[in-house]
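One structure is given below, encoded as structure tokens.
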Amino acid sequence: MKQLIRILLADDDGPIRRIISWGLRREGYQVETAEDGADAWVALKDREFDLLVTDNHMPKMSGIQLLRLIRTARMVIPVVMITGYFSPDQFGRDPALLPTAVLQKPFEITELLATIRSIEDSISEGRPKTALPQF
């Protein structure tokens, strides 16, 4: 039996957050949402998640700032960064901040689902939860 995957989704755009969470729930994932990186950080400290899907450009705390806190706290969680603008240079200064995968907006929900499935597969096969971003 497939294990229920708990996903935390952080995005400040309400309609996008609702569409993505609906699509993930429809595929059988358990989803909790956060309106920004600061709310996501509180959720990550309070509860356990199998995966974080986060926007980068958000008020209060960006996805990169959230990723920095996660790495500093030594939390082991795969991170999918979704963003309208992405430059690999953002991570060049600190390779420890590499997310597991990067999806550029706009993307299809099928792309996100395929990315999540590949992360699930790598976890079940014992490969590291952090890898180079997918472009």
Side-chain angles (χ1 to χ4, degrees):
M1 182 176 186
K2 184 178 175 180
Q3 178 185 351
L4 183 63
I5 302 295
R6 295 190 48 171
I7 298 174
L8 176 60
L9 169 64
D11 196 312
D12 62 314
D13 187 320
I16 289 176
R17 192 174 56 248
R18 284 188 291 278
I19 290 168
I20 293 173
S21 64
W22 176 83
L24 294 174
R25 286 184 181 112
R26 187 169 170 227
E27 291 297 313
Y29 296 105
Q30 185 177 345
V31 181
E32 189 170 321
T33 62
E35 294 183 9
D36 57 46
D39 289 343
W41 177 240
V42 170
L44 286 165
K45 291 189 304 181
D46 290 346
R47 292 173 295 291
E48 196 168 314
F49 295 93
D50 300 303
L51 175 69
L52 170 64
V53 176
T54 183
D55 188 15
N56 186 28
H57 298 286
M58 297 182 287
K60 296 184 187 175
M61 183 185 300
S62 72
I64 290 176
Q65 290 169 321
L66 177 59
L67 190 53
R68 184 173 286 114
L69 285 174
I70 289 167
R71 298 297 190 243
T72 300
R74 297 180 186 223
M75 291 180 179
V76 179
I77 184 170
V79 177
V80 176
M81 184 79 64
I82 55 176
T83 185
Y85 171 77
F86 176 76
S87 168
D89 297 344
Q90 290 177 291
F91 303 107
R93 293 179 293 270
D94 191 351
L97 293 180
L98 284 172
T100 309
V102 176
L103 288 177
Q104 285 199 248
K105 292 180 181 178
F107 58 86
E108 298 290 327
I109 191 73
T110 54
E111 292 175 81
L112 177 58
L113 291 169
T115 300
I116 291 171
R117 286 185 193 110
S118 72
I119 292 168
E120 282 183 83
D121 291 345
S122 70
I123 293 169
S124 66
E125 293 171 6
R127 292 195 308 249
K129 293 184 178 185
T130 303
L132 295 175
Q134 301 171 2
F135 297 101

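Excluded from the calculations below are hydrogen atoms, water molecules and symmetry mates; all remaining heavy atoms, backbone and side chain alike, are included.
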Closest heavy-atom pair and its distance - Met61, Ala38: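 Of all heavy-atom pairs spanning Met61 and Ala38, the closest is CB-N, 3.6 Å.
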Quick check: do [X] and [Y] have side-chain heavy atoms less than 4.5 Å from each other?
{"X": "Tyr29", "Y": "Val53", "result": "no"}
{"X": "Glu120", "Y": "Leu51", "result": "no"}
{"X": "Met81", "Y": "Leu67", "result": "yes"}
{"X": "Val79", "Y": "Thr54", "result": "yes"}
{"X": "Leu52", "Y": "Pro78", "result": "no"}
{"X": "Leu66", "Y": "Leu44", "result": "yes"}
{"X": "Leu24", "Y": "Ile116", "result": "yes"}
{"X": "Glu27", "Y": "Arg117", "result": "yes"}

For the backbone of Leu98 and the side chain of Arg71, can you confirm whether one donor and one acceptor N or O come within less than 3.5 Å of each other?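 Looks like yes, one N/O pair under 3.5 Å.
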If hydrophobic clusters are built by linking Ile, Leu, Val, Met, Phe, Trp and Tyr wherever their side-chain heavy atoms come under 4.5 Å apart, do Ile19 and Ile7 end up in the same one?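 Different clusters.
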Are Met58 and Leu69 grouped together when hydrophobic residues (ILVMFWY) are joined by side-chain heavy atoms under 4.5 angstrom apart?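 No, Met58 and Leu69 fall in different hydrophobic clusters.
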For side chain to side chain contact (heavy atoms under 4.5 Å, CB included), just list the numbers for Leu112 and Ile109, CA-CA rounded to whole Å, side-chain angles, deciding distance to a tenth of an Å, and then say yes or no. CA-CA 5 Å; Leu112 177 58; Ile109 191 73; 4.1 Å; yes
Quick one: side-chain hydrogen bond (donor to acceptor under 3.5 Å, both in side chains) pairs with a partner in residues 8-23, sequence neighbours left out?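 Listed by first then second residue: Asp11-Lys105, Ser21-Arg25.
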Within this structure, what is the CD1-OG1 distance for the pair Ile20 and Thr33, rounded to the nearest 0.5 Å?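 Answer rounded to 0.5 Å: 11.0 Å.
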Looking at OG1 of Thr83 and CG of Asp55, how far apart are the two atoms once the value is rounded to the nearest 0.5 Å?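 Between Thr83 OG1 and Asp55 CG, I get 6.0 Å after rounding to 0.5 Å.
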List for me each residue that meets side-chain hydrogen bond (donor to acceptor under 3.5 Å, both in side chains) alongside Ser62, sequence neighbours excluded, and say none if there are none.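 For Ser62 the side-chain hydrogen bond (donor to acceptor under 3.5 Å, both in side chains) partners, ignoring immediate neighbours, are Gln65.
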Go through the structure and list residues passing side chain to side chain contact (heavy atoms under 4.5 Å, CB included) with [X], not counting sequence neighbours.
{"X": "Asp39", "answer": "Ala34, Glu35, Asp36"}
{"X": "Glu108", "answer": "Thr110, Glu111"}
{"X": "Glu32", "answer": "Arg6, Leu8, Ala43, Arg47, Phe49"}

side-chain contact (heavy atoms from CB on, under 4.5 Å) with Thr115: which of Ile82, Val80, Val102?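 Of the listed residues Ile82, Val80, Val102, the side-chain contact (heavy atoms from CB on, under 4.5 Å) partner of Thr115 is Val80.
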